[in-house]
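Keep in mind that this is a model prediction, so the values were computed, not measured. In what follows, chains carry the letters A, B, and so on, assigned in the order in which the sequence lines appear, proteins first and then strands, with residues in each chain numbered from 1.
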2 protein chains.
Amino acid sequence: MRLLIIEDEPGIARFLKQGLEEEAFAVDVAGTGPAGLALAQAQPYALLLVDWMLPGLSGLEVCQQLRAAHNRTPLIFLTARDAVADTIAGLQAGANDYIKKPFHFEELLERIRVQLRAPGPPAAPERFQVGPIVLDVATHQVHKGGEEIMLTQKEFALLEYLLRHKGKVCRRQSIIENVWDIHFEYNTGVIDVYMNALRKKLKLGKEDEYLQTIRGIGYAARD
Amino acid sequence: MRLLIIEDEPGIARFLKQGLEEEAFAVDVAGTGPAGLALAQAQPYALLLVDWMLPGLSGLEVCQQLRAAHNRTPLIFLTARDAVADTIAGLQAGANDYIKKPFHFEELLERIRVQLRAPGPPAAPERFQVGPIVLDVATHQVHKGGEEIMLTQKEFALLEYLLRHKGKVCRRQSIIENVWDIHFEYNTGVIDVYMNALRKKLKLGKEDEYLQTIRGIGYAARD
DNA sequence: GCAATCGCTTAAAATTGCCTTAAGACCACG
DNA sequence: CGTGGTCTTAAGGCAATTTTAAGCGATTGC
């Protein structure tokens with residue numbers, strides 16, 4: 001899921017980007033209206049987060065131009081508290097929702113999810129499972145059987161990635177890019193170290209095949 | 001007591017929010033039907049105030065969907081229509097009461113109080129516990145064993161937040177937003193200082209695991 | 001069967017993030 | 001206007017996490 005944030009305040013943009021990436025979104029950021037518009041038209045996004053006040057083009061204008069070009073990407077406005085009256089104009093221009101700053105991050109997430117699942121299938125619970133292993137994204141917990149397993153951030157991220165692609169083979173390259181955010185060259189053995197840690201903590205013996213090694217390719221989570 | 005207002009007119013929403021907050025309610029506001037529905041399903045509210053006319057989903061549809069999902073939260077409609085037929089439909093859909101706009105704020109308050117004390121939950125005492133630690137929201141007291149522990153406002157709020165989510169991992173982000181009401185960026189060390197104060201006052205040694213640190217994520221209250 | 005490659009395991013270095021303390025800012029109260 | 005308490009900021013020390021590195025065992029291809 002790729003999102004685009006059009007927001008000129010670097011602090012807020014960074015905050016949003018980081019938070020959303022932790023929720024497994026791929027996030028691009030544009031700092032001005034024209035830059036954002038160009039990006040939004042250049043490639044397909046699942047959703048746009050647009051600040052109301054922007055240098056170059058206002059958020060409203062960005063929205064209008066997109067809709068005029070028959071771009072129907074869901075769009076949520078981020079608007080300052082006292083500008084709420086304006087947002088009616090925004091909704092008329094084809095925005096799907098708006099949220100007042102300051103807002104709770106969870107509320108934003110909730111609204112994003114609403115937009116993303118409206119056209120598609122209903123509510124995906126953020127919970128993954130393979131065999132006796134259950135991973136809960138919201139509370140950042142992992143259980144095997146009834147027992148809770150304490151994992152570090154990276155361990156959790158790696159397991160989450162494998163479980164999100166259960167049944168599929170994850171190539172080392174993809175894992176490094178998505179879990180470690182390393183996009184060029186990979187010659188380290190980090191993945192191996194972490195797979196080892198995961199298997200140890202989850203007490204997976206050689207006969208357990210929930211986390212399989214695909215030699216020469218990568219790894220796969222399988223029931 | 002947390003209420004949710006689903007109302008698209010910003011002026012009315014602000015008016016209600018402010019008035020109710022002065023009455024010591026915690027108030028969330030959603031501006032559209034879908035956003036409100038999502039919020040209402042995402043967390044438990046003591047009561048919902050729902051406008052009849054909403055963008056996205058009508059108040060009636062929100063109500064129907066909630067009840068269909070076995071959500072029994074008391075719900076009061078705010079309706080501008082004097083057409084009695086509509087409100088009957090609302091009550092049949094599972095609403096608990098309705099009030100016609102314009103209304104006197106005192107009247108609304110009175111109806112809210114009726115709903116909150118009358119039916120379903122007979123005054124559930126707001127009380128949370130982890131191990132030997134008991135927190136009473138109503139009297140603002142905390143005990144460990146039989147001994148009363150004096151906490152400051154923020155200490156209490158932090159402990160309350162953790163206990164309300166007992167068993168779950170609370171991210172620093174969520175804590176900062178919900179306890180401190182700080183949005184965008186949380187690079188302060190306030191949480192650490194307060195966790196330290198809490199543990200000290202509650203005399204939790206290293207071996208006590210009621211308030212655990214989840215490194216890189218946040219904290220969790222656990223039995 | 002042998003060499004080469006790949007993955008597993010362990011240990012230690014580098015880094016990050018939390019704990020703790022102290023001091024200043026702020027506020028309510030006398 | 002001072003006092004006491006609460007809240008926030010900042011910094012050093014320390015411990016857990018993350019990364020790097022290297023030796024060993026297993027698997028593959030010839």
Between the first and last five pairs of the helix from C/dG1-D/dC30 to C/dG30-D/dC1, the angle of the axes, rounded to 10 degrees =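 The helix from C/dG1-D/dC30 to C/dG30-D/dC1 shows an end-to-end axis angle of 30°.
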
Are the side chains of [Y] and [X] in contact, using a 4.5 Å heavy-atom criterion?
{"X": "A/Leu78", "Y": "A/Glu7", "result": "yes"}
{"X": "A/Phe25", "Y": "A/Leu47", "result": "no"}
{"X": "A/Leu151", "Y": "A/Leu135", "result": "no"}

What heavy-atom pair brings [X] and [Y] nearest, and what distance separates the two atoms?
{"X": "A/Ala13", "Y": "A/Val29", "value": "CB-CG1, 3.9 Å"}
{"X": "A/Glu147", "Y": "A/Lys203", "value": "OE2-NZ, 3.1 Å"}
{"X": "B/Lys154", "Y": "B/Val179", "value": "CE-O, 3.7 Å"}
{"X": "A/Leu163", "Y": "A/Gln129", "value": "CD1-N, 4.2 Å"}

Would you call the rings of B/Phe156 and B/His140 parallel, tilted or perpendicular if under 30° counts as parallel and over 60° as perpendicular?
->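 Parallel: the ring planes of B/Phe156 and B/His140 meet at under 30°.
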
Please list, by residue number, the residues of residues 216-223 of chain A whose heavy atoms come closer than 4.0 Å to an atom of DNA chain C; answer none if no residue qualifies.
->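 Of all residues in residues 216-223 of chain A, the ones placing a heavy atom under 4.0 Å from DNA chain C are A/Gly216, A/Tyr219.
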
B/Leu39 CG to B/Ile6 CD1 distance, which is reported to the nearest 0.5 Å |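 With rounding to 0.5 Å, CG (B/Leu39) is 8.0 Å from CD1 (B/Ile6).
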
Can you tell me how far CD1 of B/Ile112 sits from CG of B/Leu48, rounded to the nearest 0.5 angstrom?
->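 Spacing of CG (B/Leu48) from CD1 (B/Ile112) equals 11.0 Å.
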
Return the set of residues passing side chain to side chain contact (heavy atoms under 4.5 Å, CB included) with B/Asp28 (not counting sequence neighbours), or none when no residue passes.
->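 With sequence neighbours excluded, B/Asp28 shows a side chain to side chain contact (heavy atoms under 4.5 Å, CB included) to B/Arg2, B/Leu4, B/Gln43, B/Tyr45, given in chain and number order.
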
Apply side chain to side chain contact (heavy atoms under 4.5 Å, CB included) to A/Arg199 and list each qualifying residue two or more places apart in sequence or on a separate chain.
->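 Once residues adjacent in sequence are excluded, the partners of A/Arg199 under the side chain to side chain contact (heavy atoms under 4.5 Å, CB included) criterion are A/Met195, A/Leu204, A/Leu211, A/Thr213, A/Tyr219.
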
With DNA chain C as reference, determine whether A/Lys200 or A/Ile214 sits nearer its 5' end, using the nearest nucleotide of each.
->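 Residue closer to the 5' terminus by nearest nucleotide: A/Ile214.
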
Atom pairs, protein N/O to nucleotides 17-19 of chain D N/O, distance under 3.5 Å:
{"unit_1": "D/dT18", "atom_1": "OP1", "unit_2": "A/Lys154", "atom_2": "N", "d": "3.3"}
{"unit_1": "D/dT18", "atom_1": "OP2", "unit_2": "A/Thr152", "atom_2": "OG1", "d": "2.4"}
{"unit_1": "D/dT18", "atom_1": "O5'", "unit_2": "A/Tyr194", "atom_2": "OH", "d": "3.2"}
{"unit_1": "D/dT19", "atom_1": "OP2", "unit_2": "A/Trp180", "atom_2": "NE1", "d": "2.6"}

Can you pull the contact range of chain A along DNA chain C, 5' to 3', using atoms under 4.0 angstrom from its heavy atoms?
->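 For DNA chain C, the relevant span reads C/dT5 to C/dT10.
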
Between A/Asn196 (CG) and D/dG25 (P), how many Å, whole number?
->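 Taking atom P of D/dG25 as the reference, CG of A/Asn196 is at 15 Å.
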
